[in-house]
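Each residue takes its place number in the sequence, starting with 1.
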Amino acid sequence: MRLHSSSSSARCCNLFCSSHKANARESEWKFQVPLKHKDLEFLIKRFAPPLTAVLLAVSPICNPPESLGQTLDIQRGATLFNRACIGCHDTGGNIIQPGATLFPSDLQRNGVDTEEEIYSVTYYGKGRMPGFGEKCTPRGQCTFGPRLQDEDIKLLSEFVKLQADKGWPNIATD
């Protein structure tokens with residue numbers, strides 16, 4: 001698009017044109033659209049506020065995207081949860097002890113509403129829940145299945161806290 005002045009005071013817009021005419025067809029596409037100062041002013045006043053609002057709404061400043069690392073950690077946490085916890089805690093519930101779900105109200109009531117406390121219960125166990133930590137003791141309180149590494153339990157506790165805060169939405173683990 002090229003803007004140039006004509007003999008009148010209004011601006012004109014030449015669309016689909018170049019500085020020279022190569023053939024007769026090119027001249028068929030050449031037309032001028034007069035743009036007056038008042039028209040430009042009206043367009044700016046009319047469309048600037050909604051466009052600004054849209055740009056701010058989708059701006060990364062207002063809605064920072066999760067980093068790739070955060071997304072991968074969430075996926076790894078979901079995979080670990082599906083492997084080690086889902087048997088008792090499907091969708092954040094608890095089939096063994098109904099009052100010990102992974103929903104915020106139960107976590108808070110049971111004093112396990114921070115990532116650190118969730119980590120501790122996952123590592124050492126509590127009540128009927130077995131511990132999954134590598135150095136979990138006493139033996140009867142710990143799982144008889146495979147133990148989890150410290151980093152895995154950290155990812156699990158972050159995942160459980162995140163899911164609890166979100167109301168346990170479904171998450172893909174592929």
Side-chain angles (χ1 to χ4, degrees), residues 1-3 13 15-16 40 42-174:
M1 189 178 345
R2 173 181 296 155
L3 292 174
C13 178
L15 299 175
F16 306 106
L40 278 173
F42 170 77
L43 289 174
I44 291 171
K45 284 182 181 178
R46 176 80 168 118
F47 293 110
L51 287 175
T52 303
V54 168
L55 288 174
L56 284 175
V58 297
S59 168
I61 294 170
C62 296
N63 301 310
E66 290 178 349
S67 71
L68 180 59
Q70 288 173 322
T71 302
L72 292 176
D73 285 349
I74 292 168
Q75 291 300 317
R76 285 182 55 212
T79 301
L80 287 167
F81 185 86
N82 287 338
R83 188 176 63 188
C85 310
I86 203 163
C88 297
H89 294 287
D90 191 20
T91 64
N94 189 330
I95 64 169
I96 307 296
Q97 277 183 288
T101 68
L102 301 178
F103 289 99
S105 58
D106 283 345
L107 290 172
Q108 190 172 25
R109 187 182 72 244
N110 294 321
V112 192
D113 58 342
T114 66
E115 285 180 26
E116 293 79 18
E117 292 161 341
I118 294 168
Y119 177 93
S120 178
V121 169
T122 306
Y123 195 96
Y124 297 107
K126 182 179 179 181
R128 293 172 140 180
M129 181 175 161
F132 288 85
E134 290 178 313
K135 298 176 184 169
C136 176
T137 56
R139 190 170 177 183
Q141 181 62 46
C142 307
T143 184
F144 294 107
R147 304 288 177 96
L148 299 174
Q149 295 177 358
D150 293 350
E151 181 62 29
D152 291 342
I153 294 176
K154 184 176 183 303
L155 285 171
L156 257 177
S157 61
E158 290 171 0
F159 174 77
V160 167
K161 179 66 174 153
L162 177 71
Q163 290 295 98
D165 290 345
K166 290 183 175 183
W168 285 93
N170 291 336
I171 188 164
T173 59
D174 294 343

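Every pair passing side-chain hydrogen bond (donor to acceptor under 3.5 Å, both in side chains) that includes a residue from residues 149-162 is listed here, sequence neighbours excluded: K154-E158, K161-D165.
Looking only at atom types and distance, the side chain of E117 has no donor-acceptor partner in the side chain of S120 under 3.5 Å away.
The shortest heavy-atom contact between I153 and G133 is CD1-CA, 3.6 Å. Taking all atoms of both residues into account, the shortest heavy-atom contact from A100 to N110 is CA-ND2, 3.7 Å. Residues P104 and A164 share a closest heavy-atom pair of CG-O, 3.2 Å. Minimum heavy-atom separation, Q108 to D113: CG-OD2, 3.6 Å.
Between L156 and F81 the shortest side-chain heavy-atom distance falls below 4.5 Å. For the pair M129 and T122, the minimum side-chain heavy-atom distance is below 4.5 Å. Looking only at side-chain heavy atoms (C-beta outward), F159 and R76 stay at 4.5 Å or farther from each other. Here the side chains of V112 and Y119 are not in contact, with every heavy-atom distance at 4.5 Å or above.
In this structure, CD1 on I118 lies 5.5 Å from CG on L107, to the nearest 0.5 angstrom. Rounding to the nearest 0.5 Å gives a distance of 11.0 Å between CG of L162 and CG of D73. Here the CZ atom belonging to F132 is positioned 4.5 Å from the OG1 atom belonging to T143, to the nearest 0.5 angstrom.
More than 12 heavy atoms of other residues, nucleotides or ligands sit less than 6.0 Å from atom CD of Q97. More than 12 heavy-atom neighbours from other residues, nucleotides or ligands sit within 6.0 angstrom of CZ on R147.
Panel note: side chain N94, backbone H89; no donor-acceptor pair is recorded below 3.5 Å. Distance alone, capped at 3.5 Å, places no donor-acceptor pair between the W168 side chain and the D90 backbone.
The side chain to side chain contact (heavy atoms under 4.5 Å, CB included) search around R109 returns D106, not counting sequence neighbours.
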For a side-chain contact (heavy atoms from CB on, under 4.5 Å) check, start with the C-alpha distance between Q163 and T91, then their side-chain angles and the critical distance, and finish with the verdict. CA-CA 9 Å; Q163 290 295 98; T91 64; over 6 Å; no
